[in-house]
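Data block below; observations after.
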Amino acid sequence: MSTETHHFQAEVKQVLDIVIHSLYTDRDIFLRELISNASDALEKVNLKQAVEKDLYQAEKELQITLAFDEEAKTLTISDTGIGMTREELKTNLGTIAHSGTKALLDTLKEKGESAGDMIGQFGVGFYSAFMVADKVEIRTHSWDPNAESLKWESDGSGSYSITELPEEADRGTSITLHLKEEYHEYANDFKLKNIVERYSNYVGHPIMVGDERINTVEAIWMKSKSAVTEEEYEKFYQFTAKAYDKPRYTMHFQADAPIALNTLLFVPQDNPEKLGFGQVDAGVALHCRKVLIDAKPESLLPEWLRFLKGVIDSADLPLNISRESLQDSSVIQKLGKVVTKRFVKFLAKQAKDDDAQYLEFYKAFSRYLKEGSCHDFENKETLTDLLRFQSTMTEDGNLTSLQDYIDRSKEEQKEIYYLISTSIDAAKGSLYLEPFKARGLEVILMTDAVDEYVMGNLMEFKDYKFISIDKADIELDEHVLDGEALPEAELTPLLDWLNNSKNEQVQEVKSGTRLVDSPIVALAPDDQMGFQARAMMEAMGQPIEEPKAVIEINPRHDLIKALAECQKADGEKAQRIFAQLTQNALLAAGLVKNPAEVANGMNQLMAEFMK
Ligand code: ADP
Ligand code: MG
């Protein structure tokens, strides 16, 4: 038999090196990973059975078998699953396709041994076999009757070989670990049962040791809440979510109307999309009376709930429903609506009952809630109420709800003021805050790149309009202003003159009552997005039109009064001063491409006037 030898892809070598030499994690997890792969392979062949007539060894029972040889010190994990062809062996076990590799390597570097437990999440679980084995042998035959019977072999050091077997192999995959001396203990009945019970109890297919099935599958979502322990929830969550942490929230409920339902939902600790993965798939499985219909039904729950894990079981589903017809089924739509509403209500209750815990959740999962509040019309208001923000009145690290903002606001206030910035420090230092601070008006400070989109979508909350504070069309009351304003008779000609001598970036010069201590400010015209939001979009590489600005002057400010005087005496000088004032305002608004030019203009101006 000819043997071909291949080198592992560089990323695989890196992972192997870490797994073998520097991962000091609970070694038992290798078995969980291999069983989880076997279980996936059984799931896949199960699906094939439905569509392929010609299936290799179609009569084989779907199961996983653990066998050990105490003499030879080997442990073998076999499944009757989908198997692998020669090409699949090379791609699946010799390369890592996922972008997860980098995320894994980063996480391992950062978190060290505590990350070892997460290895399966990064799509490299198979390699954990080399934690306990110095040689791994795989025999496999794909579901495809025309495929070869193959042996894959490696000591994990850099290369692997593939040989065609002289005899026909059974369908599926059989992985034999030659245990390292210090791990001979795994060739033991009791040890194996113990690990399976701990990690793989809920695997949906039988796990056999000899004639004995050692895993128990229980549909705990069908039981009543009081009959399930915290630990059972946790174990089931870990199985169904392929997770290794504890669920952050667990929601378990039964209902008969408007539709028969047994639902068990989990919110994980971490947001997987934050770990550097792309968008995750739906994670709540659909069952009908305990029978799995679809492990990842796309159309059941709205997209923003893709972070949820768990099970929805409905006795009202037609059992013969096919995956294809799922999408159009009105029962599915009803199910999705009922569960979504219940979950949103559940979250609202959590927010009320334990604010601190909810904030932790919010910090990890806010993006989904924002997505939901924009796209889920039925739950829009409740979801918007679940959003949390920093504001000019929150303490560091604390967040406020919009309802609390409204409760604190002045009676006559009908707006929710907000400011979008690249960072909280930039927001707090923004000159746009001055008029609001002076009037005791709270401003929501936003720093998330999606916030502009969210505000544009929501428009309002409970009849309170969202208003970006750098917009020109804000009326603020005058009672905080002191000092005489420039009289109308002087102001009007000044404004006329200023509007005639403005530069092309300025749409209009007007006088206003917003400013308290500053002479001048650049504001965003009503039909344009806020400057800060605009800067963020630009930083993200979005093409955006050159912005125009409305210049508002403060007619009570000495500098403006002096400008009016100067204009009467020396128009040219006034023009230069106003041009510089405009530049300063545009600079503060973040609209100047070359700030050094503004500083230069200022220097020249000073040099001239001191002559
Ligand atoms: P993941 O399971 O997250 O994809 P693994 O490193 O555990 O990552 O496995 C890599 C791939 O190897 C799997 O996606 C699968 O294609 C293949 N594989 C592993 N074990 C088996 C098996 N028992 N049967 C069939 N394919 C397998
Ligand atoms: Mg795996």
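Heavy atoms only: backbone and side chains are in, while hydrogens, waters and symmetry mates are out. In listed order, ligands and their atoms are each counted from 1.
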If we only count N/O pairs under 3.5 Å, is Y127 in contact with ligand 1? no

What part of D79, side chain from CB on, backbone N/CA/C/O, both or neither, has a heavy atom under 4.0 Å from ligand 1? side chain

Atoms in ligand 1 with a heavy atom of V124 nearer than 4.0 Å: 6 (O), 8 (O)

Note: heavy atom closest to atom 27 (C) of ligand 1, options E88, M84, K242, belongs to M84

Is there a polar contact between ligand 1 and I175, counting only N or O atoms under 3.5 Å apart? no

Could I get the full list of side chain to side chain contact (heavy atoms under 4.5 Å, CB included) partners for E197, not counting sequence neighbours? none

Does the pair K370/D448 count as a salt bridge with the N-to-O cut at 4.0 Å? yes

Looking at the Mg ion (ligand 2), is there an N, O or S atom belonging to S36 that lies under 2.8 Å away from it? no

Set of side chain to side chain contact (heavy atoms under 4.5 Å, CB included) partners for K349, sequence neighbours left out: D353

Any heavy atom of E33 closer to ligand 1 than 4.0 angstrom? no

Would you say S157 and D155 are linked by a side-chain donor-acceptor pair, where the criterion is simply a distance under 3.5 Å? yes

L93: numbered ligand 1 atoms lying under 4.0 Å from its heavy atoms: 12 (O)

Mind checking whether F365 and Y368 have parallel, tilted or perpendicular rings, split at 30° and 60°? tilted

Between S78 and T76, is there a side-chain donor-acceptor contact under 3.5 Å, judged purely by atom types and distance? no

